[in-house]
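Atoms within each ligand, like the ligands themselves, are counted from 1 in listed order. This one's a predicted model, so the numbers in the text were calculated from it and none came from an experiment.
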Amino acid sequence: MFITDQSLAPFHTFGLQVKAAFFVNLQHEEQIDSILALRHRPRLILGSGSNVLFTKNFAGLIIRNAIMGIRVLENNQDYVIVEAGGGEVWHDLVLWSLEHNLGGLENLSLIPGTVGAAPIQNIGAYGVEFDSVFHQLEAIELASGHSRVFTKDQCGFAYRTSIFKRELKNRFLITKVQLKLNKGVHKLALDYGEIKNTLLERGIANPNIRDISDCVIAIRTRKLPDPSKIGNAGSFFKNPIISESSYLALLADYPDMPSYLVENGRKIPAAWLIEHAGWKGYRKGDAGVYDNHALVLVNHGHATGQEMYQLAEAISDSIQQIFQIELEPEVNFI
Ligand code: FAD
Ligand code: EPU
């Protein structure tokens with residue numbers, strides 16, 4: 001049923017040469033009882049591995065979520081409730097929504113990973129976050145094997161986090177996710193500057209959801225490295241949120257520092273901080289900082305998890321020293 005000594009290189013986007021002692025593909029929920037009966041510890045749920053950094057070989061059992069299926073549960077004149085298996089590829093679900101002319105996912109086009117991982121850090125891009133389309137999810141508690149439904153209020157979604165990344169970290173396996181997608185009137189999210197500019201360049205005055213998706217795909221392809229060519233996990237750190245007084249103090253020294261006003265303070269682009277600390281394009285051995293985007297750490301080929309980790313530590317230490325800002329990793333260290 002499970003594979004021993006499995007190479008994880010094909011199962012995560014940093015492409016590190018690490019192994020798992022035990023590895024199992026979970027294709028059907030019915031398999032879960034027999035998997036949970038296995039005594040291998042620790043256990044880790046894996047989707048596409050696009051937000052993990054393996055710092056060493058994994059000594060326990062990796063349960064790779066491969067539960068598939070997309071089905072409509074409710075369909076009325078205003079919206080559709082769709083349920084997707086946690087192992088579905090997120091972008092395939094976005095394409096499905098576009099084919100069915102359902103609004104809500106277009107700005108989230110081309111984000112790597114699985115549907116089951118989307119709630120973990122409340123994925124977001126280009127002015128939209130996952131929670132805006134979320135209805136509810138089903139998850140299995142690893143300790144008991146019991147199934148449980150989580151409503152939106154119970155998930156504690158916020159910027160790049162949820163209850164599954166905090167209080168319930170590694171305790172539930174998300175098997176199915178339900179989304180509420182717009183059928184009738186759908187308000188497009190066009191506030192992100194790069195989307196506006198791309199639409200303008202393309203001469204599109206009245207965009208539809210496909211136009212938005214196409215623009216987002218073009219922007220992402222231009223800016224972010226393709227993990228099949230160069231190992232990475234997207235943004236390595238979250239964008240820090242600092243108080244207005246800390247912001248004003250920093251602004252006196254760095255008048256060109258960009259920022260966005262958010263509910264709980266000022267969000268500062270971590271990419272700007274890292275670039276201004278001199279790290280953009282840095283490389284030591286095969287561990288480096290992408291030369292086209294300072295927030296993306298890359299494996300140029302044969303970096304180890306420890307080397308990637310040490311680079312991340314060196315970057316956050318220097319940001320702390322220069323700007324007195326603590327960077328929090330977005331990527332999950334394993
Ligand atoms: P994994 O990396 O496999 O797992 C991530 C975490 O979730 C782990 O802790 C794992 O244990 C847990 N987990 C995974 N599946 C389940 C499950 N079914 N049940 C319980 N726990 C689970 N993210 C954004 O938000 N916005 C972006 O724009 C974005 N751009 C990216 C661009 C690139 C090039 C890359 C490589 C990554 C990017 N990311 C982005 C990060 C990544 O795409 C998301 O975090 C994605 O949701 C991870 O999905 P995954 O299936 O690969 O999860
Ligand atoms: N910038 C630099 N140097 C760089 C790159 C960017 O100074 O090398 C500055 C620029 O001022 C730019 C600003 O940083 O305007 C923001 O950059 P960008 O628009 O590329 O966005 P980001 O803040 O780096 C965030 C998300 C991305 C998401 C994009 C688009 C986080 C941690 N990252 O990146 O998500 O795709 O916005 O919405 O919030 C991910 O989570 O993995 C991810 C890629």
Give yes or no for whether the N/O distance cutoff of 3.5 Å, strictly under, is met between [X] and ligand 1.
X: S48; value: yes
X: L46; value: no
X: P225; value: no
X: G49; value: yes
X: T13; value: no
X: N232; value: no

Is it true that atom [atom1] of [X] has more than 12 heavy atoms of other residues, nucleotides or ligands lying nearer than 6.0 Å?
X: N264; atom1: CG; value: yes
X: K238; atom1: NZ; value: yes
X: K56; atom1: NZ; value: no
X: Y309; atom1: OH; value: no
X: H302; atom1: NE2; value: no
X: N101; atom1: CG; value: no

Between [X] and [Y] (judged by ring centroids, cut-off 6.0 Å), do the two rings come close enough to count as a pair?
X: H276; Y: F323; answer: no
X: F150; Y: F172; answer: yes
X: F14; Y: F54; answer: no

- Query: Does F236 come within less than 4.0 angstrom of ligand 2, counting non-hydrogen atoms of the residue?
  - Reply: no
Protein contact of [atom] - nearest heavy atom, named by residue and atom, plus distance:
atom: atom 20 (C) of ligand 1; answer: F172 O, 3.1 Å
atom: atom 2 (O) of ligand 1; answer: N51 N, 2.8 Å
atom: atom 15 (N) of ligand 1; answer: A117 CB, 3.7 Å
atom: atom 38 (O) of ligand 2; answer: Y126 N, 2.7 Å
atom: atom 19 (N) of ligand 1; answer: I174 N, 2.8 Å
atom: atom 24 (C) of ligand 1; answer: Q121 NE2, 3.5 Å
atom: atom 39 (O) of ligand 2; answer: Y159 OH, 2.7 Å
atom: atom 30 (N) of ligand 1; answer: R220 NH2, 2.7 Å
atom: atom 16 (C) of ligand 1; answer: I45 CG2, 3.6 Å
atom: atom 1 (N) of ligand 2; answer: A271 CB, 3.6 Å
atom: atom 2 (C) of ligand 2; answer: E275 OE1, 3.5 Å
atom: atom 23 (O) of ligand 2; answer: N239 ND2, 2.8 Å
atom: atom 48 (C) of ligand 1; answer: S50 OG, 3.2 Å
atom: atom 7 (O) of ligand 2; answer: W272 CA, 3.2 Å

Can you name the nearest heavy-atom pair linking [X] to [Y], along with the distance?
X: L137; Y: C155; result: CD2-SG, 4.2 Å
X: M308; Y: A287; result: SD-CB, 3.6 Å
X: L327; Y: S316; result: CB-CB, 4.2 Å

Decide whether [X] and [Y] meet the rule of one side-chain donor and one side-chain acceptor closer than 3.5 Å.
X: E74; Y: H135; value: no
X: E141; Y: S144; value: yes
X: T114; Y: W90; value: no
X: S245; Y: S243; value: yes
X: S109; Y: S213; value: yes

Ligand 1 contact on [X] by region, counting heavy-atom pairs under 4.0 Å:
X: K165; result: neither
X: N65; result: side chain
X: A125; result: side chain
X: N122; result: neither
X: W90; result: neither
X: I120; result: side chain
X: H12; result: neither
X: I123; result: both

* Is the shortest side-chain N to carboxylate O distance from R266 to E244 below 4.0 Å? -> yes
Per-atom filter on ligand 2: closer than 4.0 angstrom to a heavy atom of P258 are 11 (O)
Do any N/O atoms on [X] end up under 3.5 angstrom from N/O atoms on ligand 2?
X: H293; result: yes
X: G234; result: no
X: Y192; result: yes

The side chain to side chain contact (heavy atoms under 4.5 Å, CB included) partner of L142 among N170, I45, I35 is I45
Separation between CD1 (I334) and CG (L53), nearest 0.5 Å, reads 8.5 Å
Restricting to heavy atoms, the pick from K280, E129, K223, E330 nearest atom 19 (O) of ligand 2 would be K223
Of H276, R160, E194, Q121, the residue with the heavy atom nearest atom 26 (C) of ligand 2 is R160
The complete set of salt bridge (charged side-chain N to carboxylate O under 4.0 Å, His left out) pairs with one or both residues in residues 147-168, sequence neighbours excluded, reads R160-E330
Is it the side chain (CB and beyond), the backbone, both or neither of [X] that lies under 4.0 Å from ligand 2, heavy atoms counted?
X: S235; answer: both
X: P269; answer: side chain
X: Y260; answer: side chain

Return yes when at least one protein heavy atom is under 4.0 Å from atom 10 (C) of ligand 2, and no when none is.
no
| task | Compare all side-chain heavy atoms of V216 with those of L110 and state whether any distance is below 4.5 angstrom. | result | no
message: If the contact criterion is a heavy-atom separation under 4.0 Å, does A233 count as touching ligand 1?
response: yes
- Could you tell me if any non-hydrogen atom of K169 lies under 4.0 Å from any atom of ligand 1? no
